[in-house]
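Chain naming here is simple, since letters A, B, ... match the order of the sequence lines and numbering starts at 1 in each. For the numbers below, each heavy atom of this structure counts, side chains included, while hydrogens, waters and symmetry mates do not.
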Amino acid sequence: MKLHEYQSKNIFSKYGIPIPKGRVTTTAQEAKQIAEELGGLVVIKSQVLVGGRGKAGGVKLAKDPNEAEQLATQILGMEIKGLPVRKVLVDEASAIDQEIYFAITDDRASKKPIMIASAAGGVDIEEVAAKTPEKIVKVNIDPLLGLREYQARDIAVAIDLPRDYWRDFTKIAMGLWEVYKNTDASLAEINPLVITKDKKLIALDGKMMIDDNALFRHPDLAEMRDTDEDAPAEIEARKYGLSFIKLDGNIGCMVNGAGLAMTSMDVIKLFGGDPANFLDVGGGAGAEKVAAAMRIILTDPNVKAVLFNIFGGITRCDEVAKGILVAMDEVKPKVPMVVRLVGTNAEEGRRLLENANMITAETLADAAKKAVAAAKG
Amino acid sequence: MSILVDKNTRLLVQGITGNEGLFHTTQMVAYSNIVVGGVTPGKGGEWVLDGKIPVFDSVKSAKEATDANATIIFVPARFAPDAMFEAADAGIPLIICITEGVAIHDMMRVRNYLDQKKVRLIGPNCPGLLTPGEAKVGIIPGNIAIPGNIGVVSRSGTLTYEVLYAMKNLGMGASTCVGIGGDPVNGTNFTDVLEMFEHDPKTEKVIMIGEIGGNEEEKAAEFIRTKMTKPVASFIAGQTAPPGKRMGHAGAIIEGGAGTAADKVKALEAAGVKVAKHPEEIPTLLQ
């Protein structure tokens, strides 16, 4: 789950990381009011969960409250990469001397958290990593021990931070570690962390991602979820515990197991078709879940055929068949359906679907070929 | 011979009285007689499966009574980390965690703790292990595989079943099938298992089933190129997966342009691995 900049920075602030004064709002009038309170130059920043806001014109400098209102009106009417801007953050503007990149994230390779810093901050860190990897400093953190202060100092030295800032930087690093650890973040990023003209370190921008699997112990964070960037079908699927991702093709897929679901998409493509979605009904899916999955697939008007590929293990094929029948009765689909049932109770499942007017297949390759042919009509 | 589990394995089931635990214990016991006990705190002294399997309150007491040398975990995700710590502290050398959805921070702590204790973890979010004809430790359906000389290692569950089933239809059997799981931080990786297969006299060929995300397949390719003498065939799932989207498994995501199927296929082919276009084709590459 991604958090907005204002949400991330509010969390940073609670852990003692300095952030600019400012507030989030949904209206231009309030943006003006905030600018009046702050006085002086302010930055109006669109709050959307995609990168590249600045380049898209979603971050603007305003010299007075009237201009703040005007720019907020403009930004609140924008769409950035297809996402409507519903909120803007109004922050006091900072006079910047230097921009630093600083983050803590999960490192799959070492199975440990990793702290990443670079004196080349403010820009896309992946670009820095690709072009000038020597400008990036990385230190692994022992998850059982936590970040040690000397490690933070080592980082400060490695990015050539002047000695005067070491103490403040260490405090920020320890704060960011606490943020990362206490929120089950998969990413806690400050980009840029700036040195201002008046010699202060401030987290100008913030980005956080929270591990969905840990949200059970963070109900407060779970409430912050912004579903704007998710397709409505993906939100619906989440309610039923289905893993669903909408794609651009025309063959709907319902599969049990994530690896097999990806593979079914691949095999459809291999035989000249285009998958309309990724959908994993999960292990042990019952009739109700299967029916929900089928409704979600069939709400996509692009879908010209549906492929069911079920390899019964924990999942019982007869349960899946019952779900298909329930959904067929309810949705009355007009598109052809190809079904392949193998494994636990497959025969019983096939018998249930005998009169359902579905195309049957023995192997995955065979099923994919038939679905591709059916979608072509 | 086989790797990790065989007919001499003495297995505990953590979460044995839960729905999943009990169902799969029944299946495992029906396959072979390796389950020596179960653990559910608060239910010590009870018996399951018509008095065949004793239940204990803790892994420690279960180990003392049964001399178990492996444990399988079926407890919900929020309790799974504690179950793994408990098993490690009780001195169980092999832990198989089936549970899906364990938080990654928990897994980093578990993995680093287990490494210090030299405990082998398989999973989490995995289907477990199957040594056909000898031991079923997990949820892989027993009837889809026959004994043989092919070692199988995979990040996926049902996709592995697909491959085992295709092998069986061609009369090809498995020495051991290892599901290492689809999480970004897990206990055992491809290279670990490939090394075990390389040293296992019963394994003559290997099938490795990978997917998008991370770089374990690339590391495995390097191991195969430099250290392996046995032929390897592979399949990588997720060739059509869009970047930035998590494809069900927490670990199956293309991030910052890394972890694509194309990169993995390229690395494997450069190491002399035959890579199949679809899963049913894999066994034919080893015929």
Side-chain angles (χ1 to χ4, degrees), chain A residues 106-109 111-113 125-126 129-130 142-145 180-181 184-186 211-217 243 245 247-249 255-263 265-271 274-275 278-280 282-284 309-315 342-344 363-365 368, chain B residues 20 23-24 77-78 100-109 111-113 115-116 127 139-141 144 154-162 165-166 182 184-186 209 211-216 235 237-242 245-252 256-257 261 277-281:
Chain A
D106 308 331
D107 180 26
R108 291 174 70 148
K111 321 290 182 198
K112 291 180 168 91
I125 196 68
E126 276 158 17
D142 184 329
L144 299 168
L145 205 56
Y180 168 86
K181 187 182 66 162
D184 273 285
S186 51
D211 179 2
D212 285 333
N213 287 335
L215 286 176
F216 70 90
R217 56 187 167 213
S243 180
I245 292 165
L247 303 167
D248 299 328
V255 187
N256 65 324
L260 191 56
M262 268 191 281
T263 302
M265 286 159 45
D266 295 348
V267 178
I268 286 171
K269 193 97 175 179
L270 179 68
F271 292 113
D274 239 330
F278 164 92
L279 193 154
D280 170 13
N309 183 29
I310 304 296
F311 204 116
I314 325 179
T315 308
V342 194
T344 312
T363 65
L364 172 54
Chain B
E20 296 262 306
F23 175 79
H24 288 292
R78 62 183 71 182
E100 180 180 353
V102 180
I104 190 166
H105 281 211
D106 284 330
M107 272 321 300
M108 289 192 286
R109 287 186 281 262
R111 173 64 200 269
N112 281 272
Y113 188 73
D115 281 355
Q116 289 173 13
I139 64 177
I140 301 172
I144 59 167
S154 172
R155 272 169 75 183
S156 166
T158 47
L159 175 55
T160 315
Y161 308 171
E162 194 77 69
Y165 187 64
V185 174
N186 61 3
I209 305 159
E211 62 187 30
I212 53 163
N215 65 348
E216 293 298 336
F235 174 74
Q239 328 236 359
T240 51
K245 289 278 186 181
R246 194 181 108 170
M247 306 305 282
H249 291 162
K277 291 192 181 66
H278 63 86
E280 287 154 337
E281 191 194 38

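The nearest pair of heavy atoms linking I212(B) to M262(A) is CG1-SD, 3.8 Å.
Under the 4.0 Å criterion applied to side-chain N and carboxylate O atoms, D115(B) and K112(A) are not assigned as salt-bridge partners.
Only the side chain of N309(A) has a heavy atom closer than 4.5 Å to any heavy atom of chain B.
For the pair T158(B) (side chain) and F311(A) (backbone), a donor-acceptor distance under 3.5 Å is absent. In this structure, the side chain of N213(A) does not engage the main chain of I104(B) through any donor-acceptor pair within 3.5 Å. At distances below 3.5 Å, at least one donor-acceptor pair connects side-chain atoms of E280(B) with backbone N or O atoms of A365(A). For R108(A) (side chain) and G251(B) (main-chain N/O), a donor-acceptor pair under 3.5 Å exists by modelled atom type. Using a distance-only test at 3.5 Å, with no hydrogens or angles considered, a donor-acceptor pair links the side chain of D266(A) to the main chain of Q239(B).
Aromatic ring pairs are classed by plane angle as parallel below 30°, tilted from 30° to 60° and perpendicular above 60°; the pair F271(A) and H278(B) is tilted.
Between chain B and the options I245(A), L270(A), V255(A), the largest number of non-hydrogen pairs under 4.5 Å is found for I245(A).
In terms of the side chain to side chain donor-acceptor pair (under 3.5 Å) criterion, D142(A) has no residue partners (sequence neighbours excluded). The side chain to side chain donor-acceptor pair (under 3.5 Å) test applied to T160(B) returns S154(B), not counting sequence neighbours.
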